[in-house]
Undergrad: 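Pasting in a structure now, in structure tokens, and then I'll have a few things to ask.
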Amino acid sequence: MTDKPRVWISRPTFPGIIARLEPHFEVTAEAEERKFSSSELAAKLAGQDAAIVGLKDRIGPAEIGQATRLRIVANLGVGYDNLDLDALSAAGIAASNTADVLNESVADYAWALMLGAARRMNAAERWLRAGHWHATEFRQWLGTDVRGHTLGILGMGRIGQAIARRAVGFGMPVIYHNRSPLPEADERACDARYVDKSQLLRESDFLILVLPLTPQTRHAIGAPELAQMKPTAMLVNVARGGIVDDAALATALREKRLAGAALDVFEREPAVHPGLLELDNVVLSPHIASASQETRRAMTALAVDNVLALFGHGPHAGRPPTILNPNVLA
Ligand code: DGY
């Protein structure tokens, strides 16, 4: 036993990056990816000084109850709806996320999903693999162009802005809705126009969701919102499951009240609503918008930087660079 502080890493990541902790910490890294129950998490966190966790680790009062030494929970994700920030702050535990390092990857992926849905790529590939391609027909597999169609963005943080900037090359006008409009210079930089939510729903040909999941944004897109959208519109969600009412979406798609959807996140993931699985006008992917080599490494490095910084090491010593509750430092 050493007297170094202890850090627990809840999932396999990148050993070379985690190794930066070893001079300062006794490191326990899980060798296998799995979902821990609340009591397992509580037992894992007890006796640790720091933890690097992922989105499926839900951490609140029950999980930190025995973690009397815990000083920081570094989340491997920009979204942190898995952390009870109030409970962590009340216990004096810092929390951090991986803001910014994934903006461009997630923006790329949102575009990939949107283009895939517009051009029916996944459905066409399934058809080809099933051996149905016996002749090429001129009017088969017609999708829709994105050029000239309106791109709507709900949630205009840094990922939303990265998505908007790409629209220039695709010839799409951009409208957005956010809790508050962007400062003028930022709005100009991404050539986007602020509208209210109802106008966004009514005017978007493609609507991309990039807002965080909070009690206020749960089911921000449900039956009433879907009813306001054009029947030719497509919905893309790279934010969080729960923002969309998946059952209402499946119904709208089945009844052709919405032309298509592309979803990377789901209300009960990894379970996907069966109504979505049976539809051909939906592109589905398993929550991988930030899953590029470069970005997942950068996310891991940032989580490590946060832990090191809290314990006074590294370039950010004393000030974890993406701390979510800086009040605990006081
Ligand atoms: C995030 O960062 O919140 C993503 O959803 C995880 O990849």
Side-chain angles (χ1 to χ4, degrees), residues 100 102-124 141-212 217 220-221 225-240 243-244 249 252-253 256-265 281-285 288-290 292 295:
D100 278 343
L102 42 67
N103 298 347
E104 304 301 326
S105 286
V106 175
D108 285 349
Y109 196 78
W111 274 90
L113 283 180
M114 181 168 74
L115 293 168
R119 300 302 297 272
R120 307 173 65 194
M121 279 172 61
N122 297 38
W141 289 112
L142 301 184
T144 178
D145 285 331
V146 296
R147 179 164 298 276
H149 285 116
T150 298
L151 171 60
I153 301 176
L154 183 58
M156 197 59 151
R158 280 165 287 199
I159 298 174
Q161 292 171 55
I163 292 171
R165 283 196 302 273
R166 285 156 172 73
V168 175
F170 286 92
M172 296 181 82
V174 181
I175 54 178
Y176 74 97
H177 182 71
N178 201 36
R179 270 176 311 185
S180 47
L182 293 178
E184 229 178 285
D186 294 342
E187 217 172 57
R188 251 198 323 274
C190 48
D191 203 3
R193 185 166 56 87
Y194 182 84
V195 294
D196 65 30
K197 185 175 170 190
S198 162
Q199 192 177 352
L200 183 81
L201 293 168
R202 284 185 279 110
E203 292 186 6
S204 297
D205 294 304
F206 294 89
L207 177 59
I208 303 186
L209 310 179
V210 218
L211 61 176
T217 63
I221 302 293
E225 290 76 20
L226 292 165
Q228 294 181 60
M229 293 179 69
K230 300 178 187 180
T232 50
M234 295 191 179
L235 180 72
V236 179
N237 190 2
V238 286
R240 275 292 179 275
I243 291 171
V244 176
L249 175 62
L253 288 164
K256 305 263 186 279
R257 287 186 281 109
L258 193 71
L263 309 170
D264 186 47
V265 288
N281 52 347
V282 195
V283 176
L284 304 169
S285 69
I288 55 171
S290 68
S292 70
T295 295

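These numbers come from the heavy atoms of this one structure, side chains and all, not from hydrogens, waters or symmetry mates.
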Undergrad: Working to the nearest 0.5 angstrom, can you tell me the gap between Asn237 CG and Ile221 CD1?
TA: 9.0 Å
Undergrad: How many angstroms lie between OG1 in Thr295 and CG in Leu102, if you round to the nearest 0.5 Å?
TA: 6.5 Å
Undergrad: Please name all residues satisfying ring pair (Phe, Tyr, Trp, His ring centres under 6.0 Å) with Tyr194, sequence neighbours left out, ordered by chain then number.
TA: Tyr176, His177
Undergrad: The criterion is side chain to side chain donor-acceptor pair (under 3.5 Å); which residues satisfy it with Ser290, sequence neighbours excluded?
TA: Arg296
Undergrad: Run the side chain to side chain contact (heavy atoms under 4.5 Å, CB included) test against Ala112 and tell me which residues pass, sequence neighbours left out.
TA: none
Undergrad: Calculate, to the nearest 0.5 Å, the distance between atoms CG and CG belonging to Leu226 and Leu235 respectively.
TA: 7.0 Å
Undergrad: Please list every donor-acceptor pair under 3.5 Å in which a side-chain atom of residues 149-164 meets a protein atom from a residue at least two apart or in another chain.
TA:
from, atom 1, to, atom 2, distance (Å)
His149, ND1, Asp145, O, 2.7
Arg158, NE, Asp100, OD1, 3.2
Arg158, NH1, Asp100, OD2, 3.1
Gln161, NE2, Met156, O, 3.3
Gln161, NE2, Gly157, O, 3.3

Undergrad: State which residues pass side chain to side chain donor-acceptor pair (under 3.5 Å) with Thr232; sequence neighbours excluded, sorted by chain then number.
TA: none
Undergrad: How far does SG of Cys190 sit from CG of Leu182, to the nearest 0.5 angstrom?
TA: 5.5 Å
Undergrad: Glu104: what forms a salt bridge (charged side-chain N to carboxylate O under 4.0 Å, His left out) with it, not counting sequence neighbours?
TA: Arg165, Arg166
Undergrad: Do any side-chain atoms of residues 114-123 form donor-acceptor pairs under 3.5 angstrom with protein atoms, and if so which ones, sequence neighbours left out?
TA:
from, atom 1, to, atom 2, distance (Å)
Arg120, NH1, Leu142, O, 3.2

Undergrad: For Ala233, enumerate each residue passing the side chain to side chain contact (heavy atoms under 4.5 Å, CB included) test, keeping only those at least two apart in sequence or located in another chain.
TA: Met229, Lys230, Leu258
Undergrad: Specify the closest pair of heavy atoms between Gly169 and Arg147, including all atoms of both residues, with the distance to one decimal.
TA: O-NH2, 3.2 Å
Undergrad: Of all heavy-atom pairs between Ala220 and Lys197, which one has the smallest distance, and what is that distance?
TA: O-NZ, 2.8 Å
Undergrad: If you measure from CG on Leu211 to CZ on Arg179, what distance do you get to the nearest 0.5 Å?
TA: 9.5 Å
Undergrad: Listed by chain and number, what are the salt bridge (charged side-chain N to carboxylate O under 4.0 Å, His left out) partners of Arg188, not counting sequence neighbours?
TA: Glu184
Undergrad: With sequence neighbours excluded, what pairs up with Gln199 under the side chain to side chain contact (heavy atoms under 4.5 Å, CB included) test?
TA: Arg193, Val195, Asp196, Arg202, Glu203
Undergrad: Tell me which pairs pass salt bridge (Lys or Arg N to Asp or Glu O under 4.0 Å) where either residue lies in residues 168-177, with sequence neighbours left out.
TA: none
Undergrad: Out of Leu113, Val174, Val236, which one pairs with Ile208 under the side chain to side chain contact (heavy atoms under 4.5 Å, CB included) rule?
TA: Val236
Undergrad: Identify, with sequence neighbours excluded, every residue that meets side chain to side chain contact (heavy atoms under 4.5 Å, CB included) alongside Ala289.
TA: Val106, Tyr109, Val238, Asp264
Undergrad: What distance separates Gln228 CD from Leu200 CG, expressed to the nearest 0.5 Å?
TA: 10.0 Å
Undergrad: Mind checking whether Leu249 and Leu263 have side chains closer than 4.5 Å, heavy atoms only?
TA: yes
